[in-house]
Number of protein chains: 2
Amino acid sequence: MEEDLFKALADPTRRRILDGLVERDGQTLFEICARLATDHGLGLTRQAVSQHLAVLEAADLVRTRREGRYKFHDLNTEPLEHVVTRWLRPTPPGSTP
Amino acid sequence: MEEDLFKALADPTRRRILDGLVERDGQTLFEICARLATDHGLGLTRQAVSQHLAVLEAADLVRTRREGRYKFHDLNTEPLEHVVTRWLRPTPPGSTP
DNA sequence: TTGTCAGGCAAGTGTTCACTTGCCTATGGT
DNA sequence: ACCATAGGCAAGTGAACACTTGCCTGACAA
(Lines give C-alpha, C1' and ligand atoms only; values in the text may rest on other atoms or scores of the structure.)
Protein backbone atom coordinates (compact mmCIF):
# COMPACT_ATOMS: atom_id res chain seq x y z
CA MET A 1 0.00 0.00 0.00
CA GLU A 2 1.01 3.58 -0.56
CA GLU A 3 0.09 4.33 3.02
CA ASP A 4 2.66 1.88 4.35
CA LEU A 5 5.36 3.38 2.17
CA PHE A 6 5.02 6.94 3.44
CA LYS A 7 4.63 5.83 7.03
CA ALA A 8 7.80 3.82 6.69
CA LEU A 9 9.67 6.86 5.43
CA ALA A 10 8.30 9.08 8.19
CA ASP A 11 10.69 7.87 10.88
CA PRO A 12 14.29 9.12 10.88
CA THR A 13 15.69 5.85 12.25
CA ARG A 14 14.13 3.92 9.40
CA ARG A 15 15.64 6.34 6.91
CA ARG A 16 19.04 5.74 8.51
CA ILE A 17 18.49 2.02 8.11
CA LEU A 18 17.79 2.56 4.43
CA ASP A 19 20.96 4.62 4.18
CA GLY A 20 22.92 1.76 5.70
CA LEU A 21 21.41 -0.74 3.30
CA VAL A 22 22.40 1.41 0.35
CA GLU A 23 26.00 1.13 1.48
CA ARG A 24 25.93 -2.60 2.01
CA ASP A 25 23.10 -4.93 1.13
CA GLY A 26 22.24 -8.10 3.02
CA GLN A 27 22.84 -6.91 6.55
CA THR A 28 21.64 -8.87 9.53
CA LEU A 29 19.66 -7.46 12.45
CA PHE A 30 22.66 -7.22 14.75
CA GLU A 31 24.74 -5.58 12.04
CA ILE A 32 22.08 -2.91 11.59
CA CYS A 33 21.92 -2.36 15.34
CA ALA A 34 25.69 -1.96 15.49
CA ARG A 35 25.82 0.47 12.57
CA LEU A 36 23.07 2.61 14.05
CA ALA A 37 24.98 2.75 17.30
CA THR A 38 28.43 3.47 15.91
CA ASP A 39 27.61 5.65 12.90
CA HIS A 40 24.74 7.64 14.36
CA GLY A 41 25.04 7.18 18.10
CA LEU A 42 21.62 5.61 18.41
CA GLY A 43 21.39 3.25 21.37
CA LEU A 44 18.36 1.29 20.34
CA THR A 45 17.22 -2.09 21.53
CA ARG A 46 17.36 -5.04 19.20
CA GLN A 47 13.58 -5.27 19.30
CA ALA A 48 13.19 -1.65 18.38
CA VAL A 49 15.25 -2.15 15.25
CA SER A 50 13.39 -5.36 14.54
CA GLN A 51 10.09 -3.51 14.61
CA HIS A 52 11.48 -0.84 12.32
CA LEU A 53 12.54 -3.54 9.89
CA ALA A 54 9.05 -5.01 10.02
CA VAL A 55 7.62 -1.64 9.01
CA LEU A 56 10.11 -1.33 6.18
CA GLU A 57 9.26 -4.84 5.06
CA ALA A 58 5.53 -4.05 5.13
CA ALA A 59 6.28 -1.14 2.80
CA ASP A 60 8.24 -3.51 0.54
CA LEU A 61 11.27 -1.32 0.94
CA VAL A 62 13.19 -4.22 2.48
CA ARG A 63 13.20 -7.83 1.34
CA THR A 64 14.45 -10.59 3.63
CA ARG A 65 16.04 -13.99 3.05
CA ARG A 66 16.81 -16.59 5.69
CA GLU A 67 19.95 -18.69 5.73
CA GLY A 68 20.35 -20.93 8.74
CA ARG A 69 19.94 -18.84 11.80
CA TYR A 70 20.72 -15.61 9.95
CA LYS A 71 18.21 -13.34 8.28
CA PHE A 72 19.60 -10.97 5.72
CA HIS A 73 17.92 -7.73 4.76
CA ASP A 74 18.05 -6.34 1.25
CA LEU A 75 16.96 -2.95 0.03
CA ASN A 76 14.25 -2.68 -2.59
CA THR A 77 14.00 0.73 -4.22
CA GLU A 78 11.12 -0.16 -6.51
CA PRO A 79 8.35 1.42 -4.37
CA LEU A 80 10.22 4.73 -4.49
CA GLU A 81 10.17 5.05 -8.25
CA HIS A 82 6.80 6.60 -8.84
CA VAL A 83 6.48 8.44 -5.54
CA VAL A 84 7.91 11.86 -6.10
CA THR A 85 6.96 12.11 -9.76
CA ARG A 86 3.38 12.09 -8.52
CA TRP A 87 3.67 15.76 -7.63
CA LEU A 88 6.38 16.88 -9.99
CA ARG A 89 4.47 19.11 -12.30
CA PRO A 90 5.56 19.54 -15.87
CA THR A 91 7.37 22.85 -15.54
CA PRO A 92 5.95 25.40 -18.00
CA PRO A 93 8.57 26.36 -20.58
CA GLY A 94 10.44 29.50 -19.68
CA SER A 95 9.70 29.31 -15.96
CA THR A 96 13.22 28.10 -15.18
CA PRO A 97 15.46 30.53 -17.06
CA MET B 1 14.38 20.35 7.60
CA GLU B 2 14.30 16.91 6.11
CA GLU B 3 12.33 15.72 9.10
CA ASP B 4 9.50 18.12 8.38
CA LEU B 5 9.33 17.00 4.77
CA PHE B 6 8.80 13.32 5.49
CA LYS B 7 6.40 14.02 8.31
CA ALA B 8 4.39 16.20 5.98
CA LEU B 9 4.17 13.41 3.42
CA ALA B 10 3.19 10.84 6.04
CA ASP B 11 -0.45 11.87 6.25
CA PRO B 12 -2.87 10.80 3.49
CA THR B 13 -4.95 13.96 3.78
CA ARG B 14 -1.90 16.12 3.20
CA ARG B 15 -1.01 14.05 0.13
CA ARG B 16 -4.53 14.67 -1.19
CA ILE B 17 -4.02 18.37 -0.65
CA LEU B 18 -0.85 18.20 -2.70
CA ASP B 19 -2.75 16.33 -5.40
CA GLY B 20 -5.31 19.11 -5.47
CA LEU B 21 -2.65 21.78 -5.72
CA VAL B 22 -1.09 20.00 -8.68
CA GLU B 23 -4.39 20.34 -10.51
CA ARG B 24 -4.88 23.98 -9.68
CA ASP B 25 -2.41 26.25 -7.95
CA GLY B 26 -3.33 29.16 -5.73
CA GLN B 27 -6.25 27.64 -3.88
CA THR B 28 -7.68 29.20 -0.76
CA LEU B 29 -8.38 27.40 2.49
CA PHE B 30 -12.10 27.05 1.83
CA GLU B 31 -11.48 25.82 -1.68
CA ILE B 32 -9.22 23.09 -0.37
CA CYS B 33 -11.82 22.12 2.23
CA ALA B 34 -14.49 21.92 -0.45
CA ARG B 35 -12.34 19.84 -2.80
CA LEU B 36 -11.46 17.39 -0.05
CA ALA B 37 -15.13 17.00 0.75
CA THR B 38 -16.44 16.63 -2.79
CA ASP B 39 -13.59 14.76 -4.46
CA HIS B 40 -12.61 12.46 -1.62
CA GLY B 41 -15.58 12.51 0.75
CA LEU B 42 -13.50 13.86 3.62
CA GLY B 43 -15.62 15.87 6.04
CA LEU B 44 -12.88 17.78 7.79
CA THR B 45 -13.11 20.94 9.81
CA ARG B 46 -11.63 24.11 8.47
CA GLN B 47 -9.12 24.16 11.31
CA ALA B 48 -8.03 20.62 10.56
CA VAL B 49 -7.20 21.59 6.98
CA SER B 50 -5.55 24.76 8.23
CA GLN B 51 -3.27 22.74 10.47
CA HIS B 52 -2.44 20.40 7.61
CA LEU B 53 -1.50 23.39 5.51
CA ALA B 54 0.72 24.66 8.30
CA VAL B 55 2.58 21.35 8.29
CA LEU B 56 2.96 21.49 4.52
CA GLU B 57 4.19 25.04 4.77
CA ALA B 58 6.74 24.07 7.44
CA ALA B 59 8.04 21.46 5.00
CA ASP B 60 8.25 24.16 2.31
CA LEU B 61 5.97 22.10 0.13
CA VAL B 62 3.41 24.91 0.09
CA ARG B 63 4.08 28.61 -0.29
CA THR B 64 1.44 31.17 0.65
CA ARG B 65 0.64 34.68 -0.51
CA ARG B 66 -1.93 37.03 0.98
CA GLU B 67 -4.18 39.26 -1.04
CA GLY B 68 -6.73 41.18 0.96
CA ARG B 69 -8.60 38.72 3.10
CA TYR B 70 -7.64 35.81 0.91
CA LYS B 71 -4.62 33.61 1.36
CA PHE B 72 -3.60 31.59 -1.64
CA HIS B 73 -1.62 28.39 -1.42
CA ASP B 74 0.91 27.40 -4.05
CA LEU B 75 2.68 24.09 -4.45
CA ASN B 76 6.46 23.98 -4.29
CA THR B 77 7.96 20.75 -5.56
CA GLU B 78 11.56 21.72 -4.93
CA PRO B 79 11.95 19.81 -1.64
CA LEU B 80 10.92 16.62 -3.42
CA GLU B 81 13.69 16.71 -5.97
CA HIS B 82 16.51 15.07 -4.05
CA VAL B 83 14.42 12.87 -1.82
CA VAL B 84 14.00 9.62 -3.61
CA THR B 85 17.33 9.71 -5.39
CA ARG B 86 18.85 9.43 -1.94
CA TRP B 87 18.17 5.71 -1.96
CA LEU B 88 18.08 4.98 -5.67
CA ARG B 89 21.19 2.93 -6.06
CA PRO B 90 23.06 2.90 -9.33
CA THR B 91 21.74 -0.33 -10.78
CA PRO B 92 24.63 -2.68 -11.65
CA PRO B 93 24.76 -3.34 -15.41
CA GLY B 94 22.99 -6.50 -16.41
CA SER B 95 20.82 -6.70 -13.30
CA THR B 96 17.77 -5.54 -15.22
CA PRO B 97 17.72 -7.74 -18.30
C1' DT C 1 22.48 -32.67 25.93
C1' DT C 2 23.81 -28.28 27.29
C1' DG C 3 25.13 -23.70 26.14
C1' DT C 4 25.07 -19.89 23.06
C1' DC C 5 23.81 -16.93 19.38
C1' DA C 6 20.28 -14.90 16.05
C1' DG C 7 15.74 -13.75 16.04
C1' DG C 8 10.51 -13.53 17.30
C1' DC C 9 6.18 -12.69 20.15
C1' DA C 10 3.48 -9.97 23.28
C1' DA C 11 2.12 -6.77 26.81
C1' DG C 12 3.00 -2.20 28.82
C1' DT C 13 4.36 2.89 28.76
C1' DG C 14 5.00 7.56 27.36
C1' DT C 15 4.87 10.65 23.61
C1' DT C 16 3.34 12.41 19.34
C1' DC C 17 -0.33 13.36 16.22
C1' DA C 18 -4.87 14.40 13.95
C1' DC C 19 -8.90 16.42 14.94
C1' DT C 20 -12.42 19.04 17.41
C1' DT C 21 -14.52 22.97 19.95
C1' DG C 22 -14.63 27.74 21.23
C1' DC C 23 -13.22 32.30 20.80
C1' DC C 24 -10.68 36.10 18.53
C1' DT C 25 -8.76 39.20 14.43
C1' DA C 26 -9.17 41.39 10.03
C1' DT C 27 -10.89 42.48 5.49
C1' DG C 28 -14.75 43.78 2.47
C1' DG C 29 -19.54 44.80 1.18
C1' DT C 30 -24.01 47.39 2.05
C1' DA D 1 -21.95 51.84 11.48
C1' DC D 2 -23.12 46.92 10.68
C1' DC D 3 -22.56 42.06 9.45
C1' DA D 4 -20.78 38.36 6.76
C1' DT D 5 -16.61 36.27 5.07
C1' DA D 6 -11.69 34.38 5.35
C1' DG D 7 -8.59 33.06 8.52
C1' DG D 8 -5.94 32.41 13.18
C1' DC D 9 -4.96 30.94 18.17
C1' DA D 10 -5.26 27.75 21.94
C1' DA D 11 -6.77 24.07 24.88
C1' DG D 12 -8.59 19.37 25.07
C1' DT D 13 -9.34 14.40 23.51
C1' DG D 14 -8.55 9.85 21.58
C1' DA D 15 -5.80 7.12 18.80
C1' DA D 16 -1.43 5.83 16.70
C1' DC D 17 3.42 5.30 17.35
C1' DA D 18 8.26 4.35 19.12
C1' DC D 19 10.38 2.00 22.45
C1' DT D 20 11.06 -1.06 26.38
C1' DT D 21 10.95 -5.38 29.18
C1' DG D 22 10.36 -10.30 29.62
C1' DC D 23 9.93 -14.70 27.80
C1' DC D 24 10.09 -18.09 23.99
C1' DT D 25 11.74 -20.56 19.49
C1' DG D 26 15.18 -22.33 16.34
C1' DA D 27 20.05 -23.18 14.65
C1' DC D 28 24.84 -24.30 15.41
C1' DA D 29 28.95 -25.99 18.40
C1' DA D 30 31.06 -28.28 22.46
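Residue numbering restarts at 1 for every chain, and letters A, B, ... go by the order of the sequence lines.
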For [Y], does its backbone N or O pair with a side-chain atom of [X] as donor and acceptor, under 3.5 Å?
X: B/Q27; Y: B/G20; answer: yes
X: B/D74; Y: B/D25; answer: no
X: A/R14; Y: A/K7; answer: yes
X: B/N76; Y: B/D60; answer: yes

Once you round it to whole Å, what is the distance between [atom2] of [N] and [atom1] of [X]?
X: B/R46; N: C/dA18; atom1: CZ; atom2: C1'; result: 16 Å
X: B/L36; N: C/dC19; atom1: CG; atom2: P; result: 10 Å
X: B/F6; N: D/dC17; atom1: CZ; atom2: C1'; result: 18 Å
X: A/L29; N: D/dT25; atom1: CG; atom2: P; result: 20 Å
X: B/R69; N: D/dG7; atom1: CZ; atom2: C1'; result: 11 Å
X: B/Y70; N: D/dG8; atom1: OH; atom2: P; result: 14 Å
X: A/Q51; N: D/dA18; atom1: CD; atom2: C1'; result: 8 Å
X: B/L53; N: D/dC9; atom1: CG; atom2: P; result: 13 Å

Candidates C/dA18, C/dT20, C/dG7 - which lies nearest the side chain of B/D11: C/dA18
Does [N] have OP1 or OP2 sitting under 4.0 Å from an N or O in the side chain of [X]?
X: B/K71; N: D/dG8; answer: yes
X: B/R14; N: C/dA18; answer: yes
X: A/T28; N: C/dG7; answer: yes
X: A/T45; N: D/dC19; answer: no
X: A/R66; N: C/dG7; answer: no
X: A/S50; N: C/dG7; answer: no
X: B/H52; N: C/dC19; answer: yes

Looking only at heavy atoms, the pair that brings B/A59 and B/D4 closest together is CB-O, 3.6 Å
Side-chain donor/acceptor of B/Q47 to base of D/dG7, under 3.5 Å: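 Side chain to base: no pair below 3.5 Å.
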